[in-house]
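Quick note on labels: first sequence line is chain A, next is B, and so on, each numbered from 1.
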Amino acid sequence: MGRYRNVTFLAAAIFLQILGLAIQIKRSTENESSRLIRLWAVSIVAPLEKGIVRVQGGASGVWHNYFYLRGVRQENRDLREQIEQLRLEQVRLKQDAEQARRLQSLLGFKEQFIGSTKAAQVIGSSGSEQSRLVYIDKGSNDGIKNEMPVITADGVVGKVLSVIDGSTSQVLLINDQQSGVGAILEQSRLQGVLKGRASGELVIDKIMTDEEVKPGDRILTSGGDRIFPKGLPLGTVAKITKGLEFLQITIKPAATLTRLEEVLVITKKEEHESTASTAAPTRAADILAQRLPSVPDKPAAPAPGAPAALAAKPAATDTSGSAAPKNNATTAGTGTAVKPAISATANDGVTPRGATPVSANGSIVAKPAASAITAPATQELKKQPAPAASTASTTSTNATMPNAIVTNATVSPKPASVPKALPTKPPETKPSTETKPSQAQPNPHGDAPQ
Amino acid sequence: MAVTYTSREQIEVYRFSLPVAIFVPLMAVFFQAFIPHIIPAFSSYFDLPLLVTIFFAMARRNPVSGLLTGAAIGLAQDALGSHPIGVYGIAKTFVGYGASSLGVKLDVESVGTRLLVTTGFYVIHEVLYFLIARGMVRLDLHWSWPHELGAAVANAVLGVFLFALMDRLKQRA
């Protein structure tokens with residue numbers, strides 16, 4: 001026996017582990033048998049990780065906040081510019097969102113909103129390539145429960161796999177093999193399941209080869225898994241490989257899954273019917289902006305008559321017909337801002353996708369205000385000339401379309417209906433010719449032209 | 001690169017104090033989980049718990065002790081992941097047993113031997129892990145020889161430095 005002592009021990013150790021493994025595999029549900037071992041291991045490792053992360057964060061904060069300030073001035077300038085652009089975009093998106101909500105309320109849709117979230121810090125990982133999960137410093141004491149979605153401002157990160165203790169939880173990343181997220185392609189509205197591969201790649205399969213999917217298409221959560229609220233960004237299509245029957249779509253994740261620092265756990269989801277009158281629900285990015293120190297504060301929400309604030313920048317409300325340098329939009333009263341200024345041949349009659357429709361004479365087709373959707377179909381949309389239409393260029397073949405401002409269905413053709421705050425400053429770019437007030441295309445369906 | 005065969009009489013058996021025997025494997029598991037937070041590719045190439053398993057097994061030169069060390073470290077590593085516990089445990093049990101059995105027969109103090117032994121055991125460990133994970137847990141793993149061999153060499157190089165550092169913790173039995 002003494003001669004085979006070592007081999008006997010080896011066989012026993014291997015046998016016991018295989019037995020344990022088999023039991024765990026058989027109980028494919030929550031494996032309580034292994035929970036204690038996990039609890040011990042994490043309880044030993046997590047405090048060390050938390051300590052190091054805190055020290056590291058403190059040291060990094062001191063260094064970056066007090067010493068290493070190179071390029072901060074430039075960055076500040078860039079960020080201010082970015083804020084201005086985002087403010088403008090926010091106004092446009094707000095209008096779109098309100099319109100969507102009105103439509104949804106008409107149709108009695110139910111929506112899922114993010115009720116509340118908890119900001120958490122990533123303290124460690126599994127340390128294995130085959131198990132893509134991270135540990136966060138929030139647990140049952142903070143109301144974290146299994147299956148709660150975890151996101152960042154960029155997109156979906158994963159879900160809470162297990163709450164280890166009062167202050168530690170395990171988050172399964174979306175690129176783990178065990179993970180699966182209901183996904184929808186933003187453009188084509190095709191639905192599938194987003195899965196992780198052993199290599200860490202994200203893929204969507206079971207989409208037929210005859211469907212049209214393009215690289216760069218955005219993927220959002222579909223809400224079909226009942227874990228993630230609908231509409232959160234998952235990523236973009238990186239590569240498409242045609243199989244015999246299905247497409248193999250490789251996805252570039254929206255959130256940087258390899259470098260996670262702060263995340264948000266969605267602790268409460270609310271589901272209710274859309275109502276047009278209620279305030280806009282809080283977006284994940286807004287919550288993150290408020291809670292995480294690394295993200296700039298959310299700009300103050302524009303008050304009613306918001307254009308006053310927006311118009312402060314001439315570029316933002318350039319009504320002159322000159323080329324607006326960036327995607328700007330503005331509103332007037334209850335009207336909907338015309339989409340970003342575009343460069344187009346005035347009389348070619350071609351409207352690029354997503355751009356403001358241009359009528360034959362080169363003027364911009366008014367996009368009806370959202371409230372016009374509920375207006376009687378017989379109500380005729382009157383056309384309001386762009387405030388600065390009189391100075392806009394239309395005859396030049398390469399004329400740049402002006403930003404036009406339209407109001408509701410009962411708009412006055414006078415530019416006076418435009419809030420006073422709209423810039424009265426003369427355009428920076430000299431107009432070449434005069435513009436005739438263009439005629440709005442009545443939309444019998446009351447739908448916004450795209 | 002001298003790999004010398006040692007007779008029973010030449011073997012020097014080492015032991016470790018209890019704090020070292022607990023603290024070093026624990027630190028290896030901890031760093032394996034923590035470093036990918038800073039260097040994401042780390043876990044794809046390095047396996048610190050495996051290096052510690054090999055070191056302890058070779059230094060103690062006792063197969064039972066080696067396999068128990070390997071099993072404990074492997075199970076701790078499994079416990080931090082999401083898959084069933086035991087995959088790393090089984091793989092490291094074999095490695096611990098093999099390294100300590102080899103330690104009895106070879107002079108594992110030289111750099112050359114350590115390089116070769118670590119490279120070999122890394123590949124064995126990965127093959128075992130792959131077989132268990134695919135065969136029992138049904139994980140969808142892909143085997144890539146270039147990656148595995150590259151990682152084996154990288155671990156061996158890191159192992160040489162790490163072993164030299166850990167040599168200071170050894171006590172003659």
Main-chain N/O of A:V163 paired with A:N146 side-chain donor or acceptor, under 3.5 Å: yes
Residue B:L26 versus chain A: region with a heavy atom under 4.5 Å: side chain
A:T209 versus A:E245, side-chain donor and acceptor atoms under 3.5 Å: no
Under 3.5 Å donor-acceptor, A:Q24 side chain and B:I85 backbone: yes
Residues A:E201 and A:T250: side-chain donor-acceptor under 3.5 angstrom: no
Greatest number of heavy atom pairs closer than 4.5 Å to chain A - which of B:I38, B:L80, B:V29: B:L80
Under 4.5 Å from a heavy atom of chain B, the part of A:Q178 involved: side chain
Contact origin within B:D47 toward chain A - heavy atom pairs under 4.5 Å: neither
Contact winner vs chain B - A:G200, A:S199, A:S125, heavy-atom pairs under 4.5 Å: A:S125
Which atom of A:V122 lies closest to which atom of A:V53, heavy atoms considered: O-CG2, 4.1 Å
Donor-acceptor pair between A:R132 and A:S179 side chains, under 3.5 angstrom: no
Distance (rounded to the nearest 0.5 Å) between A:L133 CG and B:S82 OG: 5.0 Å
For chain A, which residues of residues 134-153 of chain B have heavy atoms nearer than 4.5 angstrom: B:M136, B:V137, B:L139, B:D140, B:L141, B:H142
Heavy atoms from other residues, nucleotides or ligands near CZ of A:F246 exceed 12 (cutoff 6.0 Å): yes
Salt-bridge present (B:R114, B:D167; N to O < 4.0 Å): yes
Greater than 12 external heavy atoms within 6.0 Å of A:K50's NZ: yes
Most chain A-contacting option - heavy-atom pairs closer than 4.5 Å, from B:F42, B:Y88, B:F46: B:Y88
Under 4.5 Å from a heavy atom of chain A, the part of B:F30 involved: both
B:K92 and B:Q77: side chain donor to acceptor below 3.5 Å: yes
Whether A:H64 and A:Y68 hold their rings parallel, tilted or perpendicular, with breakpoints at 30° and 60°: perpendicular
Part of A:L260 within contact of chain B (heavy atom distance under 4.5 Å): backbone
Pairs of heavy atoms under 4.5 Å with chain B: top-ranked of A:L10, A:I123, A:V42: A:L10
When B:G66, B:G81, B:G86 are compared by non-hydrogen pairs under 4.5 Å with chain A, the top option: B:G81
Heavy-atom contact with chain B under 4.5 Å, split by part of A:Q170: side chain
Atom pair CD/OG1 of A:Q17 and B:T93 - distance to nearest 0.5 Å: 4.0 Å
Which portion of B:I90 sits near chain A, non-hydrogen atoms under 4.5 angstrom: both
Within-4.5 Å side-chain heavy-atom neighbours: B:L106 and B:M58: no
Residue among A:I52, A:V134, A:I164 with most heavy-atom pairs under 4.5 Å to chain B: A:I52
Leading residue by heavy atom contact count with chain B [cutoff under 4.5 Å; candidates A:S131, A:A13, A:G124]: A:S131
Region of A:I44 that comes under 4.5 Å of a non-hydrogen atom in chain B: side chain
Top contributor to chain B contacts, counting heavy-atom pairs under 4.5 Å, from A:L172, A:V45, A:L257, A:D176: A:V45
Heavy-atom pair count under 4.5 Å with chain B, highest-scoring of A:A198, A:A22, A:A46: A:A198
